[in-house]
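Working notes for the structure below.
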Amino acid sequence: QVGQWLYDAPDLESARFLAKQAIEELQHVGNFLRILDMLGLEPAPAHPAVRFLATGMMGESWPEHVALEMAIGEGFVLTAMYALIDTLDHAETVAILTRAARQEEGHVEFGERQTARLVAEHPALRRRLAGLALVWMWGVRRLAAHMRRRMPRDHVVLARLPEFLAHALACSELRLVRMGLVERRPSDLSAPERAALVAEALAWKGGTGLAGAAALPLRLVPGLGRKK
């Protein structure tokens, strides 16, 4: 996605940043392949929830890109990196992730600053981006549910996945407040309020592109989805 937005960047400063980010993202790919090699593993196909978060949630505008992909999406990745750095007992992998985390911090900060400026200049973006952020967070919950089913529950680290998910989502909610998308954390909103945000965002998107990928408005809202 970085390559596309390099062409569509709104100004020279943003284009320069994205050119630098493209190099760093390719470095991340090489580093993760190196980690897999050290573990004796081969890359595997991504889970559908990962593909949804990476491509189904691809923004169709600059505000969507900086808010959903850079601030919120990469912010979640950064939280996962911090967790791995704190828990892995493998010096070389920790060193790789520490370097990657420093780069990721720059990506997140850029997304936060751009988003805060855009919503201050265009207040109508607030609710639309907040609703799409709820869709993104639903995708994260789906991925976490898959991981809980596949991973050993008695593992000393992986057993803490639910707590990590709660922490990561809390960080994302705080980020939404600080960027000015919402006045209160989404978890403090009522189910109808969350539903209204999602429905408004998807209606704005017109049922195409990102909204088409997520075309399940009410099921995406915590507390309103079908319970199993």
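- The side-chain hydrogen bond (donor to acceptor under 3.5 Å, both in side chains) search around Asp86 returns none, not counting sequence neighbours.
- A donor-acceptor contact under 3.5 angstrom links the side chains of Gln21 and Glu74, judged on distance only.
- Listed by first and then second residue, the salt bridge (charged side-chain N to carboxylate O under 4.0 Å, His left out) pairs that reach into residues 32-46 are Arg34-Glu92, sequence neighbours excluded.
- Side chains of Ile72 and Met179 form a contact here, defined as non-hydrogen atoms less than 4.5 Å apart.
- A side-chain donor from one of Tyr82 and Glu105 sits under 3.5 Å from a side-chain acceptor of the other.
- Note on Val66: it does not cluster hydrophobically with Leu78, by side-chain heavy-atom contacts below 4.5 Å among ILVMFWY residues.
- The hydrophobic clustering, which links ILVMFWY residues whose side-chain heavy atoms are closer than 4.5 Å, places Met38 and Leu88 together.
- Sparse packing is recorded around CG of Asp89, with 12 or fewer heavy atoms of other residues, nucleotides or ligands lying under 6.0 Å away.
- Pairs passing the salt bridge (charged side-chain N to carboxylate O under 4.0 Å, His left out) check and including a residue from residues 165-175, sequence neighbours excluded, read Glu112-Arg175.
- Thr79 meets the side-chain hydrogen bond (donor to acceptor under 3.5 Å, both in side chains) test with no other residue; sequence neighbours excluded.
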**Request:** Give the C-alpha distance, both sets of side-chain angles, the deciding distance and a yes or no for side chain to side chain contact (heavy atoms under 4.5 Å, CB included) between Phe76 and Met137.
**Result:** CA-CA 10 Å; Phe76 193 92; Met137 294 167 73; over 6 Å; no

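- With sequence neighbours left out, Arg160 forms a salt bridge (charged side-chain N to carboxylate O under 4.0 Å, His left out) with Glu163.
- Annotation for Ile85 and Ala101: closest pair CD1-CB, 4.1 Å, computed over non-hydrogen atoms.
- If you check the side chains of Glu69 and Trp136, you find no donor sitting under 3.5 Å from an acceptor.
- Partners of Arg117 under the salt bridge (charged side-chain N to carboxylate O under 4.0 Å, His left out) rule, at least two apart in sequence or in another chain, are Glu121.
- In this structure, Leu176 is not a member of the same hydrophobic cluster as Val77, with clusters built from ILVMFWY side-chain heavy atoms closer than 4.5 Å.
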**Item:** side chain to side chain contact (heavy atoms under 4.5 Å, CB included) between Met70 and Gln114, worked out
**Value:** CA-CA 10 Å; Met70 298 192 71; Gln114 288 279 321; over 6 Å; no

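- Heavy atoms only, all atoms of each residue included: Glu60 and Glu64 are closest at N-OE1, 2.8 Å.
- Under the rule for a salt bridge (charged side-chain N to carboxylate O under 4.0 Å, His left out), Arg99 has no partner lying at least two apart in sequence or in another chain.
- Cluster membership for Val94 and Phe32, using ILVMFWY side-chain heavy atoms within less than 4.5 angstrom, is shared.
- In this structure, Leu84 CG and Thr87 OG1 are separated by 5.5 Å, a value rounded to the nearest 0.5 Å.
- From Leu118, atom CG reaches atom CG of Leu181 across 10.5 Å, with rounding to the nearest 0.5 Å.
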Which donor-acceptor pairs under 3.5 Å do the side chains of residues 123-134 make with protein atoms, sequence neighbours left out?
{"unit_1": "Arg126", "atom_1": "NE", "unit_2": "Gly180", "atom_2": "O", "d": "2.8"}
{"unit_1": "Arg127", "atom_1": "NE", "unit_2": "Glu200", "atom_2": "OE1", "d": "2.9"}
{"unit_1": "Arg127", "atom_1": "NE", "unit_2": "Glu200", "atom_2": "OE2", "d": "3.4"}
{"unit_1": "Arg127", "atom_1": "NH2", "unit_2": "Glu200", "atom_2": "OE1", "d": "3.3"}

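- For Phe17, the ring-ring contact (aromatic ring centres under 6.0 Å, His included) partners at least two apart in sequence or on another chain are Phe110.
- Taking every heavy atom of both residues into account, Leu18 and Ala9 meet most closely at CD1-CB, 4.1 Å.
- Applying the 6.0 Å contact sphere to CD of Gln27 captures more than 12 heavy atoms from other residues, nucleotides or ligands.
- Listed by first and then second residue, the salt bridge (charged side-chain N to carboxylate O under 4.0 Å, His left out) pairs involving residues 23-32 are Lys20-Glu24 (not counting sequence neighbours).
- Every side-chain hydrogen bond (donor to acceptor under 3.5 Å, both in side chains) that Thr93 has, sequence neighbours left out, goes to His90.
- In this structure, the side chains of Gln103 and His28 come closer than 4.5 Å at one or more pairs of heavy atoms.
- When the salt bridge (charged side-chain N to carboxylate O under 4.0 Å, His left out) test is applied to Glu193, the partners found at least two apart in sequence or on another chain are Arg184.
- The hydrophobic clustering, which links ILVMFWY residues whose side-chain heavy atoms are closer than 4.5 Å, places Leu97 and Leu26 apart.
- In this structure, CG on Leu36 lies 11.0 Å from CG on Asn31, to the nearest 0.5 angstrom.
- The distance from the CZ atom of Arg102 to the OG1 atom of Thr98 is 6.5 Å, given to the nearest 0.5 Å.
- To the nearest 0.5 Å, atom CG of residue Leu169 and atom CZ of residue Phe164 are 9.0 Å apart.
- Ser14 has its side chain out of reach of Trp5: every pair of non-hydrogen atoms, C-beta onward, lies at least 4.5 Å apart.
- Nearest heavy-atom pair, Pro43 versus Leu33, reported as atom, atom and distance to 0.1 Å: CG-CD2, 3.6 Å.
- One distance of note links CG of Leu174 with OG of Ser172; it measures 9.5 Å at 0.5 Å rounding.
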